[in-house]
There are 4 protein chains.
Amino acid sequence: MRDIVRVGREVFSERGYERATTTEIAQRLGISEATVFTYFRGKRELCLRVITEWYDEIIAAIAAGLPRHKSVRAQLEFIVATHLRLFLVHGTGMCALVLSEGRSKGPSDLGDAVLPLQRRYTAPLMDLLARGQASGEIRADVPLRLLRPLVFGPMEHILWEAVATQRRIDIDATASTMTELLWNALRAPSAELAALRAMRSELGAVLDRAQAG
Amino acid sequence: MRDIVRVGREVFSERGYERATTTEIAQRLGISEATVFTYFRGKRELCLRVITEWYDEIIAAIAAGLPRHKSVRAQLEFIVATHLRLFLVHGTGMCALVLSEGRSKGPSDLGDAVLPLQRRYTAPLMDLLARGQASGEIRADVPLRLLRPLVFGPMEHILWEAVATQRRIDIDATASTMTELLWNALRAPSAELAALRAMRSELGAVLDRAQAG
Amino acid sequence: MRDIVRVGREVFSERGYERATTTEIAQRLGISEATVFTYFRGKRELCLRVITEWYDEIIAAIAAGLPRHKSVRAQLEFIVATHLRLFLVHGTGMCALVLSEGRSKGPSDLGDAVLPLQRRYTAPLMDLLARGQASGEIRADVPLRLLRPLVFGPMEHILWEAVATQRRIDIDATASTMTELLWNALRAPSAELAALRAMRSELGAVLDRAQAG
Amino acid sequence: MRDIVRVGREVFSERGYERATTTEIAQRLGISEATVFTYFRGKRELCLRVITEWYDEIIAAIAAGLPRHKSVRAQLEFIVATHLRLFLVHGTGMCALVLSEGRSKGPSDLGDAVLPLQRRYTAPLMDLLARGQASGEIRADVPLRLLRPLVFGPMEHILWEAVATQRRIDIDATASTMTELLWNALRAPSAELAALRAMRSELGAVLDRAQAG
DNA sequence: CATGAATGAGACTTCATTCAT
DNA sequence: AATGAATGAAGTCTCATTCAT
């Protein structure tokens, strides 16, 4: 039954919900199609299980590895890198599956069940952003509602492009660069000014001492 | 035949490629299903046409309205706003359709035909970014390959969220805010450097005066 | 499409709803199974149509031939004979089909749609009984609710037995005998009362003589 | 194993043979589906057992309670009342099951095995009618083959109607009325006259004694 | 040109039944 | 004796597509 979920993940992520067939899942496992239905009430339920388990993995990975003692920027980079890594390992098919089917209003209607998962999935980032805003490191004049897509959106596109072009990407380098870019967008503008002013003050002090010397 | 494309766009964007049926398209038009096949070799070709025309509209809209005489930042904001507007007007179904089906590897395989369209579609932005890099306004130490998803990714997420939550969004305000955020990420750090250099000059002058004193 | 209904009637009446298959219906007609679904949304709807048309035929036959100018008893005999005839011609499978499926609460749930038909179907008899009660020919001290099964119930059993034993029956003779039997049950006990009254009169006379004696 | 038959009766009578599933029977008992097949060769055999036991109960109930010392009419009323009672207690599902499946010609083919049961089941009535004919109380000019359905047919319809309309019925009152109706149909026409004559004779005798007194 | 009619291919699903343990 | 696991066979239904008219 674990096998069915495993192969189910393969097929659903390769083909999407509609084009995936229970026939293919059974064939890849060398079992009868009926066996699939012994363990899952139907295609929809199997797919739901596949999605749920996949979300659980990511959520667990983020929760386990997030370096909470480090800076907000470092935690952001961890989240970005981890997402890139997990998605690339598991194939971006899952990404597409979730994004496409998670919002459909067809008979499959995975949407309702997927929504809470998505919330748990984005929770660590939302939490991080909120903490950053509270500490003044992240600009608070833009609602989280707009900051979240700023982080997840680009990752998704990068992943899809990586798959479409079949090109290997350097995950750490990409994560590092993206974090650098995103950080510029996210951090409080005042922080820059504050930093400069601090520098100027310090310089002034140095100069004063120099002049005095 | 124009009608078929028009209604095709409706149905494909509402249902996605797989769940859309030629039956429904014909029914909505009050014509025979066979008539659809008189004009289009098949479902796939019709969908391709729908996607193509939709891309053409966006490309044309961008090309026609892009304020080339204004600043790079202003042009960026125009592109962001225009995208949000067009997607929201036409329904985000088209967005999902293109994103989901444009990358699938099924028998429908719209991918190959869609790729060049996507290139044309992203061309204005790519061009703008390249010009920005050339003029020094946009940081050149990050490849366009990474800058592009930074722009399109968030827009997509914002749109999907808008649809999922059924919430109306203020397009201009959102575009303005997003541009502000993105610009911080995109603009050349040279601005900062310039400021630092200016400070250094000032500092040098001060030092000179100090020495002279 | 008429053919599909015709063969559908055959198969449904031979096999019952559950055991009838769309495959068999298509095969008997030498057409594709899909064709069946071109004309009928599903098995259930086809079966409904079969039942409806069959009811319509019987209802029409009764309505057309009922000798309204003759006596109530004669009309009763007509109804009995007509029923026996139609059921035996069309096979009692239809009878079983209607009786079995018309009351089921399964997924097929033909019940709701069949109920009004049954009402129309029994209407002529109900009407006749009511008229008989009004005219005093049929006993009015028993509700129609109990008189109706008295007529239809035996016919059904006779038919089933005829089919089960594969024995040919003389329809007119059977109808005649059954009517004779039923009539004794249905007719107003006034005849008996008359006899009793006569007896009372006679008795009175006897008593008178006795007293006189 | 007794449990399997008991629950089997429930499920078969609720759903009918085709719609009943071994899965459901096992589930209601909280046992494995395979266990059912440990005790019964298959669904068909289990159903046969269910029907057999049910018939046995009815046959026994009739045999045990039949008031052989009372009049033929009283015995008829007992049979009618007992049937109504047993069917309504056990649910009319059994009635439908027997009637529908007992005559089908499918792969399940319960028919052959059920036929002898039905014979035993109708035997008490047949016997009673025969005795009635012999004693002159029941008209002998109509074969039993036609008298039997006259009794069982109406009962069946009454039962089905009771189930269809979900209406509770007064069993004794219904049995009484039905017997009254049926008796009019069954009794020998001459019997009426004979009864009246007997009454007159008796009366005459009484009167004679009165006059003599 | 438009279409009514037909259909091949295949999807999901159900279920009685088997068998090794 | 009881069962967990598996499945063959079959069923209903969908849908893009064809073709004669």
Side-chain angles (χ1 to χ4, degrees), chain A residues 1 3-4 15 17-26 29-47 107-108, chain B residues 1 4 15 17-27 29-47 107-108, chain C residues 1 3-4 15 17-27 29-47 107-108, chain D residues 1 4 17-27 29-47 107-108:
Chain A
M1 204 204 63
D3 290 337
I4 296 175
R15 303 239 187 277
Y17 182 80
E18 298 293 343
R19 276 196 276 270
T21 68
T22 52
T23 306
E24 180 170 9
I25 293 170
L29 282 165
I31 62 174
S32 159
E33 211 172 337
T35 306
V36 175
F37 289 89
T38 302
Y39 292 97
F40 299 93
R41 214 169 301 160
K43 183 188 183 182
R44 186 182 159 284
E45 194 173 89
L46 173 55
C47 186
S108 67
Chain B
M1 204 206 57
I4 296 175
R15 305 234 186 281
Y17 182 79
E18 297 295 339
R19 280 195 271 266
T21 67
T22 53
T23 306
E24 181 169 8
I25 293 170
Q27 272 178 348
L29 282 166
I31 63 174
S32 159
E33 209 172 340
T35 307
V36 175
F37 287 85
T38 305
Y39 289 100
F40 298 93
R41 207 169 307 155
K43 183 187 183 183
R44 184 181 161 284
E45 194 172 86
L46 172 55
C47 186
S108 67
Chain C
M1 205 205 61
D3 289 336
I4 296 174
R15 304 240 185 277
Y17 183 79
E18 298 293 342
R19 278 196 274 270
T21 70
T22 52
T23 305
E24 180 169 10
I25 293 170
Q27 273 176 349
L29 282 165
I31 63 174
S32 159
E33 209 171 340
T35 305
V36 175
F37 290 90
T38 302
Y39 292 97
F40 299 93
R41 213 169 302 160
K43 183 187 183 183
R44 185 181 159 284
E45 194 173 88
L46 172 55
C47 185
S108 66
Chain D
M1 203 205 60
I4 296 175
Y17 182 79
E18 297 294 338
R19 279 197 270 268
T21 66
T22 53
T23 305
E24 181 169 8
I25 293 170
Q27 272 178 349
L29 282 165
I31 63 173
S32 160
E33 211 172 339
T35 305
V36 175
F37 288 84
T38 303
Y39 290 98
F40 299 93
R41 209 171 306 158
K43 184 186 182 182
R44 183 181 162 284
E45 194 172 88
L46 171 56
C47 186
S108 68

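Lettering follows sequence order; numbering is per chain, from 1.
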Choose from E/dT7, F/dA6, E/dG4 the nucleotide whose nearest atom is closest to any side-chain atom of B/Ser32.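 Nearest listed nucleotide: E/dG4.
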If you check the D/Thr38 side chain, which of E/dT7, E/dT3, F/dT3 turns out closest? F/dT3
For A/Gly42 and for C/Val36, locate the closest nucleotide of DNA chain E by heavy-atom distance; then report the residue assigned to the nucleotide nearer the 5' terminus.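 Nearest-nucleotide comparison on DNA chain E picks C/Val36.
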Any [X] side-chain nitrogen or oxygen under 4.0 Å from OP1 or OP2 of [N]:
X       : N      : answer
A/Thr22 : E/dC12 : yes
B/Thr35 : E/dT3  : yes
A/Thr23 : E/dA11 : yes

Taking the side chain as every heavy atom from C-beta outward, state whether D/Leu29 and D/Thr35 have any atom pair closer than 4.5 Å.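 D/Leu29 does not reach D/Thr35 side chain to side chain.
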In terms of the nearest nucleotide of DNA chain F, which residue is placed more toward the 5' end: B/Lys43 or C/Arg41?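 The answer here is C/Arg41.
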Can you tell me how far [atom2] of [N] sits from [atom1] of [X], to the nearest Å?
X       : N      : atom1 : atom2 : value
A/Glu33 : F/dA10 : CD    : C1'   : 12 Å
D/Glu18 : F/dG11 : CD    : P     : 11 Å
C/Gln27 : F/dA10 : CD    : P     : 11 Å
D/Phe37 : F/dG4  : CZ    : P     : 15 Å
C/Glu24 : F/dA9  : CD    : P     : 20 Å
D/Phe40 : E/dT18 : CZ    : C1'   : 18 Å
C/Arg19 : F/dG11 : CZ    : C1'   : 15 Å
D/Tyr39 : F/dA2  : OH    : C1'   : 8 Å

Heavy atoms only, 4.0 Å cut-off, all strands: where does B/Ala26 land among base, sugar-phosphate and nothing?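 B/Ala26: no heavy atom of the nucleic acid under 4.0 Å.
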Classify D/Thr21 by what it touches in the nucleic acid, base, sugar-phosphate, or nothing, heavy-atom distance under 4.0 Å.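 Result for D/Thr21 = sugar-phosphate.
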Let me see the working for B/Leu46 and B/Thr22 under side-chain contact (heavy atoms from CB on, under 4.5 Å), right down to the final yes or no. CA-CA 10 Å; B/Leu46 172 55; B/Thr22 53; 5.8 Å; no
Run the side-chain contact (heavy atoms from CB on, under 4.5 Å) check on C/Asp3 and C/Ile31 step by step: do they pass? CA-CA 11 Å; C/Asp3 289 336; C/Ile31 63 174; over 6 Å; no
In Å and rounded to the nearest 0.5 Å, what is the CD1 to CD distance from C/Ile25 to C/Glu33?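 Rounded to the nearest 0.5 Å, the CD1-CD separation comes out at 9.0 Å.
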Once rounded to the nearest 0.5 Å, what's the spacing between atom CD of C/Glu45 and atom CZ of C/Phe37? 10.5 Å
Complement of F/dA20, any strand, by Watson-Crick or G-U distances under 3.5 angstrom: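 Paired with F/dA20, as far as the under-3.5 Å criterion goes, is E/dT3.
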